[in-house]
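All values below come from the heavy atoms of this structure, side chains included, with hydrogens, waters and symmetry mates left out. The model shown is predicted, which means the values in this text are computed figures rather than measured ones. As the structure lists them, so they are numbered: ligands from 1, and atoms in each ligand from 1.
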Amino acid sequence: MAVEPPFFEKYKAIFQSSDRDEKQKFPMVEVFEELELPLIDLSHLNLGPFERQKCIQQMVQAASEWGFFSIVNHGIPQELLDRLKYEQVKVFQQPFEKKTEKNFLNLSAHSYRWGNPLATSLRNLSWSEALHISLKDISKMDEYNKLRSTIEEYAAKANILAQRLAEYLAKHLGIKPSYFQENCSPSSSSLRMNRYPPCPYPSMMFGIIPHTDTDFLTILSQDLVGGLQLMNRNGRWVSVKPNPNALLITIGDLFQALSNGIYKSIAHRVVAKQEVERYSAAYFYCPTNETVIESCSKPSLYRNFSFKEYREQIERDLKATGDKVGLTRFLL
Ligand SMILES: O=C(O)CCC(=O)C(=O)O
Ligand SMILES: [Fe+2]
């Protein structure tokens, strides 16, 4: 039985209607400069007050200028990351019919996703599949080999790391240290496991279309295939060079709003590859639904909104326009 999602069958009309000119104009053919993100060694946090302050300052600067940085010595064992990847590969190797079963792994509906049901053209069709697991569902998830227990182990560590990073970044803004402990819980976050199958037309579509993340921050682990790109301050797409020892941290929309625009939630995307598949796992550090996001300084760029309201607005915008829109909706 086939493992791959039936992209061509499902999106036949889109493939047929995209004319040759559009295909040729697609900007994927551009050559992108490759970038090594600011690399921050978290072991420096334990070296003494001077080194610690310098390390925090590096994070603050990267979050403000890039919205992205890499971290090493982050406390998540490589062995656990390898195990997560191993389980991830196994679950995606299940037949497509199984992955789309209603109660797949006993997760809630739409946990398994592929393509983009709202795609109107090749440009907004993501050539990828994902298992998006809300961590409040984890206790009822099937064990399925060791997938569930590995996710539980990883999520517990990712939660500690995310909270720690968020606290350092928030302290600089004068936000009280208990903010994240009060508003986020291990079950309010989610883990999204991505698989990018080899794509026959990598110059015509993305692995994941450009987007910003809907969270405070994201911890991303990726394999060495590469393909992640982010938009730099000059509005140019740059490729991120994979680093086998590092995790990537992305500032999300909620931190941009909370920081009143100081930290940047940067658009990123993944280009598709023709020959090889690619895997990544994104841990989205999110608050509970009722949490109200309020800018830390005045005058506020954004009006206050609850996380629930933010997500509902995105759903509405996606349905109506195919575009997430995001924070600009909440600008004052
Ligand atoms: O696969 C990647 O490198 C990025 C994934 C991503 O941006 C996401 O899941 O939000
Ligand atoms: Fe993302």
Exercise. Can the ring centroids of His132 and Tyr112 be said to lie less than 6.0 angstrom from one another?
Worked result: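 No, too far apart.
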
Considering only heavy atoms, does [X] approach ligand 1 within less than 4.0 Å through its side chain, its backbone, both, or neither?
| X | value |
| --- | --- |
| Thr250 | neither |
| Thr218 | neither |
| Phe284 | side chain |

For this session: For ligand 1, find out whether one of its N or O atoms is nearer than 3.5 Å to an N or O atom of Gln222.
Result: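 In this structure, Gln222 places no N or O atom under 3.5 Å from an N or O of ligand 1.
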
For this session: Cation-pi check, Lys273 to Trp127: give yes when NZ or CZ is under 6.0 Å from the six-membered ring centre and within 45° of the ring axis, no otherwise.
Result: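 Checked: cation-pi criterion not met.
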
For this session: Using only N, O or S atoms, tell me which atom of Asp213 is closest to the Fe ion (ligand 2).
Result: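 Closest to the Fe ion (ligand 2) among those atoms: OD1.
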
For this session: Identify, by name, the N, O or S atom of His211 lying closest to the Fe ion (ligand 2).
Result: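 In His211, the N, O or S atom with the shortest distance to the Fe ion (ligand 2) is NE2.
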
Regarding [X] and [Y], does a basic nitrogen lie under 4.0 Å from an acidic carboxylate oxygen?
| X | Y | value |
| --- | --- | --- |
| Glu167 | Lys171 | no |
| Arg311 | Glu315 | no |
| Glu129 | Arg195 | yes |
| Glu87 | Lys90 | yes |

Exercise. Looking only at protein heavy atoms, which one is nearest to atom 3 (O) of ligand 1, and how far off is it?
Worked result: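 Answer for atom 3 (O) of ligand 1: Arg278 NH2, 2.8 Å.
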
Problem set entry | Closest protein heavy atom to atom 9 (O) of ligand 1, given as residue, atom name and distance to 0.1 Å |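 Result: Asn194 ND2, 3.1 Å.
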
Which of the atoms in ligand 1, numbered in the order shown and given with their element, are less than 4.0 Å from a heavy-atom of [X]?
| X | value |
| --- | --- |
| Tyr196 | 1 (O), 2 (C), 4 (C), 5 (C) |
| Val270 | 1 (O), 2 (C), 3 (O), 4 (C) |
| Arg192 | 9 (O) |
| Ser280 | 1 (O), 2 (C) |
| Asp213 | 10 (O) |

For [X] and [Y], test the side chains for any donor-to-acceptor distance below 3.5 angstrom and give the result as yes or no.
| X | Y | result |
| --- | --- | --- |
| Glu294 | Ser300 | no |
| Asn46 | His44 | no |
| Ser297 | Asn260 | yes |

Problem set entry | His268 touching ligand 1 at heavy-atom level, < 4.0 angstrom |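 It does, in that a heavy atom of His268 comes within the 4.0 Å cut-off of ligand 1.
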
For this session: Could you tell me if any non-hydrogen atom of His211 lies under 4.0 Å from any atom of ligand 1?
Result: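 Heavy atoms of His211 do come under 4.0 Å of ligand 1.
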
Problem set entry | Full working for ring-ring contact (aromatic ring centres under 6.0 Å, His included) between Phe307 and Phe216 | CA-CA 11 Å; Phe307 186 42; Phe216 282 121; 7.8 Å; no

